[in-house]
Amino acid sequence: MNGPHDLGGQMGFGSIAPEKNEPYFHAEWEKRALGLTLSSGALGAWNIDESRHARESIPPASYLAASYYEIWTRALEVLLERHGFVTADEIAAGHKKTDGATPKRVLKAEMVAGALAKGGPCDRSVTTLPRFGAGDRIRTRNFNPTMHTRLPRYARAKTGVVEAVQGSFVFPDDNAHGKGENPQWVYTVVFDGKEIWGECADPTLSVSIDAWESYLEPV
């Protein structure tokens, strides 16, 4: 989807200025936002791709005016309401009014360290061989879906070269919408800077992305 999150190549946002010795959190409430998001994800009602899509679907004006963890909490409200854990009235009131959906599981304090150490691996086996190999020239598809996608807008309809086959992984475009994991091969694809940014691009620049197989066509 072409949402406010897809900023690659967009103008008017100023330079990137990394904060020296930046802390993990800039306020106490950000710690709570992270904790709520992770513990709510552990309820088992949605996956990481649906969670990403919920953030991407925030209206542009709200998204661009929000901080990082504000985006997380706004998306979390959408997910909790969508899956029946809270109602819009409860969010507005700030407290429970009715019994919500029953979670598949609950992340308890003593389980946190183990859950974080385990992570959420998304590599999956497939029965097909990779369609492309290192050195192959490819062209990315030109599409503008309303659904979730991991192909950046700036890298669509571009010609590049496969640098590596990374393995097979859950296909997020389907997984975000309850269509199953449908794993595919993933490739690192390298583009010349001029191919992405045009004739005025720095001639020494290249851009690489990780792309699922269905994003690619042979040249």
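What you see is a predicted model; the values in this text were computed from it and never measured.
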Rounded to the nearest 0.5 Å, what's the gap from [atom1] on [X] to [atom2] on [Y]? Could you check?
X	Y	atom1	atom2	answer
S57	H5	OG	NE2	8.5 Å
T146	N2	OG1	CG	10.0 Å
R105	T102	CZ	OG1	14.5 Å
E50	R55	CD	CZ	11.5 Å
S51	E56	OG	CD	9.5 Å
T73	L34	OG1	CG	11.5 Å

What are the two closest non-hydrogen atoms of [X] and [Y], and how far apart are they?
X	Y	answer
A65	E70	O-OE1, 4.2 Å
V189	A211	CG2-CB, 4.4 Å
G193	A201	O-CB, 3.6 Å
S125	S168	CA-OG, 3.8 Å
S67	W29	OG-CH2, 3.9 Å
R153	G3	NH2-O, 4.0 Å

Polar side-chain atom of [X] near backbone of [Y] as donor-acceptor pair, under 3.5 Å:
X	Y	answer
E217	R139	no
T140	A157	yes
Q166	D210	no

Between [X] and [Y], is any pair of side-chain heavy atoms under 4.5 Å apart?
X	Y	result
I138	V161	no
I209	L151	yes
S40	L79	no

Under the rule for salt bridge (Lys or Arg N to Asp or Glu O under 4.0 Å), what residues qualify as partners of [X], not counting sequence neighbours?
X	value
E77	none
K96	D99
R124	E181
R141	none

Are [X] and [Y] linked, directly or through other ILVMFWY residues, by side chains that come within less than 4.5 angstrom of each other?
X	Y	value
V165	V170	no
I196	V190	no
V162	V126	yes
F25	L116	yes

### Residues which pass ring pair (Phe, Tyr, Trp, His ring centres under 6.0 Å) with F132, listed by chain and number, not counting sequence neighbours
Y187
### Task
With sequence neighbours excluded, tell me which residues meet ring pair (Phe, Tyr, Trp, His ring centres under 6.0 Å) with Y68.
W72
Take atom [atom1] of [X] as the centre, draw a 6.0 Å sphere, and report whether it contains more than 12 heavy atoms from other residues, nucleotides or ligands.
X	atom1	value
L129	CG	no
R137	CZ	no
L38	CG	yes

### Task
Can you run down the ring-ring contact (aromatic ring centres under 6.0 Å, His included) pairs that involve residues 33-62, sequence neighbours left out, and say none if there aren't any?
W46-H83, H53-H177
### Message
Does anything in residues 142-170 form a ring-ring contact (aromatic ring centres under 6.0 Å, His included)? List the pairs, not counting sequence neighbours.
### Response
Y154-W197
#### Entry: Residues clustered with L64, ILVMFWY side-chain links under 4.5 angstrom
L7, F13, I58, Y63, I71
### Message
Is it true that T87 and D89 share a donor-acceptor pair across their side chains at a distance under 3.5 Å?
### Response
no
### Message
Is it true that Y215 and T149 share a donor-acceptor pair across their side chains at a distance under 3.5 Å?
### Response
yes
#### Entry: Results of side chain to side chain contact (heavy atoms under 4.5 Å, CB included) for P103 - residues two or more places apart only
L43, F85, V106
### Result of checking D174, D173, N175 against D49 for side chain to side chain contact (heavy atoms under 4.5 Å, CB included)
N175
### Message
Which residues pass the side chain to side chain donor-acceptor pair (under 3.5 Å) test with T98, not counting sequence neighbours?
### Response
none
### Task
Start with the C-alpha distance between W185 and T128, add both sets of side-chain angles, then the distance that settles side chain to side chain contact (heavy atoms under 4.5 Å, CB included), and finish with yes or no.
CA-CA 9 Å; W185 291 102; T128 59; 3.6 Å; yes
### Task
Quick one: which residue pairs count as a side chain to side chain donor-acceptor pair (under 3.5 Å) with a foot in residues 13-26, not counting sequence neighbours?
E19-H26
### Working for side-chain hydrogen bond (donor to acceptor under 3.5 Å, both in side chains), residues S214 and Q184
CA-CA 8 Å; S214 61; Q184 297 181 10; 3.1 Å; yes
### Message
Could you walk me through whether R150 and W212 satisfy the side chain to side chain contact (heavy atoms under 4.5 Å, CB included) test, starting with their C-alpha distance in whole Å, then the side-chain angles of each, then the deciding distance to 0.1 Å, before giving a yes or no?
### Response
CA-CA 8 Å; R150 298 287 282 176; W212 274 258; 3.8 Å; yes
